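Take a look at the structure set out below.
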Amino acid sequence: MRPNGNAALLRPVLRLVDVVGEHRGLFVRSTLSIAAFQAFGALASGLSAYAAAVLVADPAGTGLARLLLIALAGAVIAHSVFVWAESWMSHVLAYKVLDALRLRLHDAIERITPGGMKRRRAGEVSGAAMADIESLEWFYAHTVGAAICAIAGPLIVIAALFALVGPAALIALAGVAALLAVPWLMGPLQARQGKAVRDELAELKAIALEGAEGLREMLSLGLAAHQRRRVLDTTARVQRRKRAFALRAGAESALADLVVAATMIAFVVALASAVRAGSLDPALFPAAVVLLAAAFAPAAGVFPMFQRLGEMSAAATRVLDVLDAPALVADTDKAATGPRAGAVRFEAVDFAYEPGTPVLKGLDLAIAPGEHVALVGASGAGKTTIAHLLIRFWDPVSGRIVLDGEDLASMRLADARERIALIPQHPYVFRGTIRSNLLLADPDATEPAMWKALESAQLADTVRDWPGGLDEPVGENGSTVSGGQRQRLAIAQAFLREPDVLVMDEAAAHLDAVGEQALARAVAEVQAGRTTIVIAHRVSTIRHADRVILLVDGAVAAEGTHPELLERSGEYRSLLARAADPGAAAPAVRRTTAERR
Ligand SMILES: Nc1ncnc2c1ncn2[C@@H]1O[C@H](COP(=O)(O)OP(=O)(O)OP(=O)(O)O)[C@@H](O)[C@H]1O
């Protein structure tokens with residue numbers, strides 16, 4: 001066992017406990033309700049046993065027996081009322097805790113931007129957002145109160161036992177302490193085994209996902225049998241880990257049962273000798289035994305919490321990992337006030353993703369309002385980086401980017417991203433319909449405005465031909481729309497958003513001739529009257545640009561119109577030659593950023 005194993009497991013869990021503190025009143029009421037129903041439950045058990053003993057001695061049921069039965073009825077009703085109250089309050093609390101945790105996580109994800117996600121797989125983050133938050137909600141809203149009562153409840157019952165039977169109650173105290181010690185001592189082992197199960201399950205999930213996503217490649221490479229073996233081997237490992245976990249959990253339960261039985265026997269023996277010695281009223285004997293069982297009940301209830309402590313700790317660590325991630329770009333409250341023309345200037349911009357590996361080196365670039373610029377350069381030259389700096393996924397290490405005379409880094413993030421829009425190579429299409437995706441760009445867009453945007457994006461005819469029209473479902477991440485349609489849908493969204501500056505990473509993948517023409521027309525429409533920076537992969541786009549900027553190693557190597565560059569720059573000519581004849585290209589030229597990620 002690692003020293004302080006449980007303390008280390010509890011630390012991340014306790015760091016988030018303030019989500020309950022935000023609703024202290026509700027938490028206290030819910031915990032008091034747990035204590036109350038446990039106390040009334042114990043009282044009802046004790047009273048029924050005592051009443052039974054009294055009735056045995058006085059079958060007519062007069063005097064004390066009648067009083068005891070009335071008190072018993074009262075205790076049972078109070079128990080039920082508090083069970084109901086606790087269930088109601090803990091659900092309200094659960095909802096509020098869930099709300100608070102989701103909000104914190106959402107704010108953190110937004111704050112750290114895709115830049116901060118680079119070492120985190122999207123699945124890990126969404127896992128933290130969904131599954132981890134759900135399990136933490138269970139813990140904070142339903143378990144922390146129960147854990148407090150697991151200590152407080154037995155102490156109250158033992159105090160009552162002490163009043164009834166004297167020092168024999170110390171046996172109960174020792175028994176409850178031993179019962180709580182079982183999961184506490186086993187905690188670190190349980191956490192290690194739980195982690196092993198989760199790791200193997202994650203591996204199995206990844207293999208299964210890979211099998212589904214890479215099915216075509218797997219079949220064409222004849223790897224189906226290999227994939228089946230991987231799934232079976234990992235399943236076997238998962239089962240082995242689960243078996244070890246179950247064996248330990250079973251041993252834990254058996255040990256707990258032994259502790260309860262040993263305590264019970266010692267207690268009964270002690271009470272029996274007290275009755276024999278005449279120091280205990282025999283009528284109290286059954287009630288005391290029943291109360292001992294009632295003292296164990298809340299302590300046993302804390303077992304599931306201990307059994308999930310490792311899981312809770314891992315969940316809290318993953319959530320904290322996201323919450324603690326530093327913001328890569330600082331937001332301000334300052335609303336942009338200046339004119340909105342779409343003039344962009346890079347002033348001596350240096351940028352590096354990793355210290356010591358510069359990507360942009362003293363980049364100077366001035367783009368006039370309404371100008372159409374094509375950014376070209378070999379793979380890795382820094383084109384996508386420029387796009388990402390413009391929408392502030394990162395800020396420059398030094399130098400500045402100026403939009404209409406204002407430093408982008410001092411602008412409110414929401415303003416900057418309203419004024420500069422990015423259409424990536426593979427725009428994300430959200431689950432829903434064409435309409436719901438368009439409404440994301442402008443929630444107030446009217447139907448005619450949506451059709452107009454689709455017309456301009458050369459997508460209206462396609463959407464009209466679909467049976468659902470605007471309400472055609474687009475499947476998960478737009479699985480039912482083609483690459484070209486996806487970009488045109490993003491262009492339609494850009495029409496609805498009306499940004500001052502549009503940055504577009506042109507699709508590098510081969511489109512069919514019709515799709516290519518439609519996309520070119522859509523691009524031409526969306527560029528009209530708007531500053532546009534296109535990361536260009538097609539000579540047709542480059543040819544139509546007002547200015548072509550050739551990037552080499554994060555700096556401008558040449559700029560001018562396409563014919564000018566053809567004439568002046570040997571580097572430009574060889575880049576175009578490589579693009580026209582990919583067979584001759586160095587591998588780096590052909591692999592795009594999207595493919596590398
Ligand atoms: N998130 C990142 N973390 C670390 N390095 C990165 C990251 N993104 C890009 N780079 C590196 O920065 C350099 C510039 O990349 P960038 O994506 O801007 O090039 P690019 O010109 O757009 O290339 P492509 O045409 O292949 O898309 C490359 O060396 C790349 O490996």
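Since the model is a prediction, treat every value here as computed from it, not as a measurement. In each ligand, atom 1 is the first atom listed, and ligand 1 is the first ligand listed.
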Can you find a side-chain donor-acceptor pair between [X] and [Y] that sits under 3.5 Å?
| X | Y | answer |
| --- | --- | --- |
| Q527 | H544 | no |
| R488 | Q485 | no |
| T541 | E506 | yes |

(request) Please indicate whether any nitrogen or oxygen in A381 is less than 3.5 Å from any nitrogen or oxygen in ligand 1. (result) yes
(request) Indicate yes or no: does an N/O atom of V359 lie under 3.5 Å from an N/O atom of ligand 1? (result) no
(message) If the condition is side-chain hydrogen bond (donor to acceptor under 3.5 Å, both in side chains), which residues does R412 pass it with, not counting sequence neighbours?
(response) D415
(message) Can you classify the ring geometry of H388 versus F393 as parallel (below 30°), tilted (30 to 60°) or perpendicular (above 60°)?
(response) tilted
What atoms of ligand 1 come within less than 4.0 Å of a heavy atom belonging to [X]?
| X | result |
| --- | --- |
| A378 | 21 (O) |
| T384 | 17 (O), 18 (O), 20 (P), 22 (O), 27 (O) |
| T385 | 14 (C), 15 (O), 16 (P), 18 (O) |
| S379 | 23 (O), 24 (P), 25 (O), 26 (O) |
| K383 | 18 (O), 19 (O), 20 (P), 21 (O), 22 (O), 23 (O), 24 (P), 25 (O) |

(request) Output yes when K195 and D199 qualify as a salt bridge under the 4.0 Å nitrogen-oxygen rule, no when they do not. (result) yes
(request) Would you tell me which option among Y353, F393, W394 has the nearest heavy-atom contact to atom 2 (C) of ligand 1? (result) Y353
